[in-house]
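Just so it is clear, the model here is predicted, and its values are computed rather than measured. Here is the naming used below: chain letters follow the sequence lines, and residue numbers restart at 1 for every chain.
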Protein chains: 2
Amino acid sequence: MIGQANSIERRSGVALWRQIADQLLHSIAVGDFPENAALPPEVALAERYGVNRHTIRSAIAALVQEGVLRAEQGRGTFVLSRRRLSYPIGARTRFSEGLQGQASERHITLLASSVEPANRRVAESLGLAKGVDVIRLETRGEADGMPVSRAAGWFDARRFAGIDAAMAETGSITASLARFGVSDYLRQSTVLSARHADAADLADLDLQPGAIVLVTVAVNVTPDGQPIQFSESRFPAERIELKLSAL
Amino acid sequence: MIGQANSIERRSGVALWRQIADQLLHSIAVGDFPENAALPPEVALAERYGVNRHTIRSAIAALVQEGVLRAEQGRGTFVLSRRRLSYPIGARTRFSEGLQGQASERHITLLASSVEPANRRVAESLGLAKGVDVIRLETRGEADGMPVSRAAGWFDARRFAGIDAAMAETGSITASLARFGVSDYLRQSTVLSARHADAADLADLDLQPGAIVLVTVAVNVTPDGQPIQFSESRFPAERIELKLSAL
DNA sequence: GAAATTTGTCTATTGATATAGACAATTATA
DNA sequence: TATAATTGTCTATATCAATAGACAAATTTC
């Protein structure tokens with residue numbers, strides 16, 4: 001954080017306990033409260049934020065629920081592991097490789113697939129006519145059992161017919177594309193935004209209401225510039241940061 | 001958006017009217033409701049979100065307050081301009097150039113400057129010893145009179161003594177660095193995250209409580225790899241998207 | 001063992017959020 | 001001009017969020 005104002009807004013449509021929970025989460029992520037350290041006692045936090053102790057307790061309860069804190073009667077409240085994974089985005093963005101070294105177990109699950117007519121956005125990105133059939137793959141990425149991404153990918157249905165089966169079998173976009181003669185692909189463009197998690201995000205990513213998701217909209221192309229995949233991915237901001245590298 | 005669930009969460013610590021306001025904002029940004037188009041009538045929206053009409057009215061009132069919507073009795077509620085600027089991030093990220101063509105007027109204001117001992121993060125990034133003096137520049141970027149970024153930049157105080165004055169005079173980081181013999185610089189690394197705007201963000205960026213900010217932490221280096229600037233920038237997610245390019 | 005510190009639970013009260021219904025005011029349309 | 005559609009205002013009620021205070025339960029410290 002910059003100015004470290006540590007202040008909160010009333011009548012904002014966001015409950016005080018949630019604002020405080022968010023700030024604590026941020027303080028922890030930034031390292032103000034290291035792993036296993038004790039948080040200041042509830043009374044001290046209440047004074048610092050200018051709220052009632054019960055409001056602090058609500059914020060802490062939410063973070064305990066999220067698995068960020070552990071409260072022990074008589075001892076204090078302690079910080080559990082809250083390391084954010086750093087997901088590299090660059091010319092060769094690959095899920096599993098990207099998190100190598102940060103999580104021992106990582107995989108992608110195919111949640112659903114469908115064939116649908118391309119909407120304007122998908123069609124333009126893939127260089128197809130609007131309305132042409134495309135295959136949509138809905139996937140979730142997990143690292144050490146924790147959901148870290150939720151993505152939708154669109155592919156030309158004629159060129160990549162059966163990629164859904166390949167994906168289900170291999171659990172890898174890269175491997176699936178390889179079956180269709182795509183030995184290599186590059187990230188052509190990435191546009192980034194952020195918003196509140198909606199109900200679908202909450203369910204898919206196992207988040208608590210009020211969480212924030214990072215959203216990337218990207219196009220992958222073959223080395224000779226032919227677009228093969230359009231995707232929209234969502235990352236829980238509390239678990240992932242995006243590290244931009246050579247692109 | 002992906003599944004387009006358009007649903008909301010109760011008892012989440014985020015008021016329903018704010019969740020709905022956020023979703024409407026997103027729908028508008030994505031183009032579901034084009035500029036000058038009429039929103040569905042309040043009764044229809046109430047049914048669609050499964051809430052009372054008064055709750056919809058609260059959400060709309062907030063967006064009217066933010067200047068996103070205009071309500072006219074007897075006619076309907078209409079979308080005002082809600083174009084998000086696209087801020088390019090790449091090897092040569094420069095504020096003014098980046099928004100060229102998207103905003104006719106754009107400039108950086110120096111809000112404050114100070115000399116302080118480098119903390120661990122700044123010291124490591126700049127290759128200095130912890131505690132060495134660094135200059136901190138607090139700036140705000142504006143496009144067409146609207147705040148679009150709020151940044152803190154840190155520089156080695158010995159090498160760049162007086163850069164605060166240069167910044168105040170030129171209104172440009174690039175021009176200021178040029179005075180110290182830095183004719184060119186590159187973006188070495190960028191780490192990206194998102195969080196709720198805190199009180200300082202709300203004031204600096206003229207945001208409404210509950211808004212989301214994109215946060216970039218970056219290091220700029222000279223062409224031969226010498227780090228010269230460490231920075232942390234915040235962008236209002238409702239006004240800016242980040243477009244990642246060759247980095 | 002006693003005291004101090006800290007989290008856990010309970011009751012009560014106030015203000016913000018959300019629902020429900022009715023009707024007024026304005027605009028567009030038949 | 002009448003009717004329908006839409007936003008604006010008002011009252012009433014229920015639930016959630018936040019404050020306030022008191023005391024219990026567990027742990028650490030002296």
Next on the checklist: What is the distance, to the nearest angstrom, from the CD1 atom on Ile60(B) to the P atom on dA18(C)?
Outcome noted: 15 Å
Item to check | Glu142(B): partners by salt bridge (Lys or Arg N to Asp or Glu O under 4.0 Å), with sequence neighbours left out | outcome: Arg140(B)
Next on the checklist: Whole angstroms only, please: what is the CD-P distance between Gln19(A) and dA17(D)?
Outcome noted: 13 Å
Checklist entry - Can you tell me how far P of dA17(D) sits from CH2 of Trp17(B), to the nearest Å? => result 14 Å
Item to check | Beyond-backbone contact of Asp22(A) with Arg195(B), side-chain heavy atoms, under 4.5 angstrom | outcome: no
Checklist entry - For Ser58(B) and dA18(C), is the shortest distance between a side-chain N/O and OP1 or OP2 below 4.0 Å? => result no
Checklist entry - Below 4.0 angstrom from OP1 or OP2 of dT19(D), is there any side-chain N or O of Thr55(A)? => result yes
Checklist entry - Can you check the Glu42(B) CD to dA18(C) P distance for me, whole Å? => result 16 Å
Item to check | Summary of protein contacts for nucleotides 21-30 of chain C, nucleotide by nucleotide, where a base hit scores B, a sugar-phosphate-only hit scores S (4.0 Å, heavy atoms) | outcome: BB--BBBS--
List the atom pairs, donor and acceptor, that lie under 3.5 Å between side-chain atoms in residues 72-79 of chain B and the rest of the protein, sequence neighbours left out.
from: Glu72(B); atom 1: OE1; to: Arg75(B); atom 2: NE; distance (Å): 2.8
from: Glu72(B); atom 1: OE2; to: Arg70(B); atom 2: NH1; distance (Å): 2.2

Checklist entry - Given atom CD1 of Ile56(A) and atom P of dT19(D), what is their separation to the nearest angstrom? => result 9 Å
Checklist entry - To the nearest angstrom, how far is Arg57(A) atom CZ from dC10(C) atom P? => result 11 Å
Checklist outcome for this item: Between CZ of Phe78(A) and P of dT27(D) the distance, given in whole Å, is 11 Å
Checklist entry - Hey, are Glu232(A) and Trp154(A) close enough side-chain-wise for a donor-acceptor pair under 3.5 Å? => result no
Checklist entry - What integer distance in Å separates Leu16(B):CG from dA14(D):C1'? => result 14 Å
Next on the checklist: Let me confirm one number: the CD1-CG distance from Ile60(A) to Leu45(A), rounded to the nearest 0.5 Å.
Outcome noted: 6.0 Å
Checklist entry - Checking all strands, does Val43(A) fall into the base, sugar-phosphate, or nothing category for heavy-atom contacts under 4.0 angstrom? => result nothing
Checklist outcome for this item: To the nearest 0.5 Å, atom CG of Asn36(A) lies from atom CG of Leu80(A) at 7.5 Å
Item to check | Any Gln23(A) side-chain heavy atom under 4.5 Å of His196(B) side chain | outcome: no
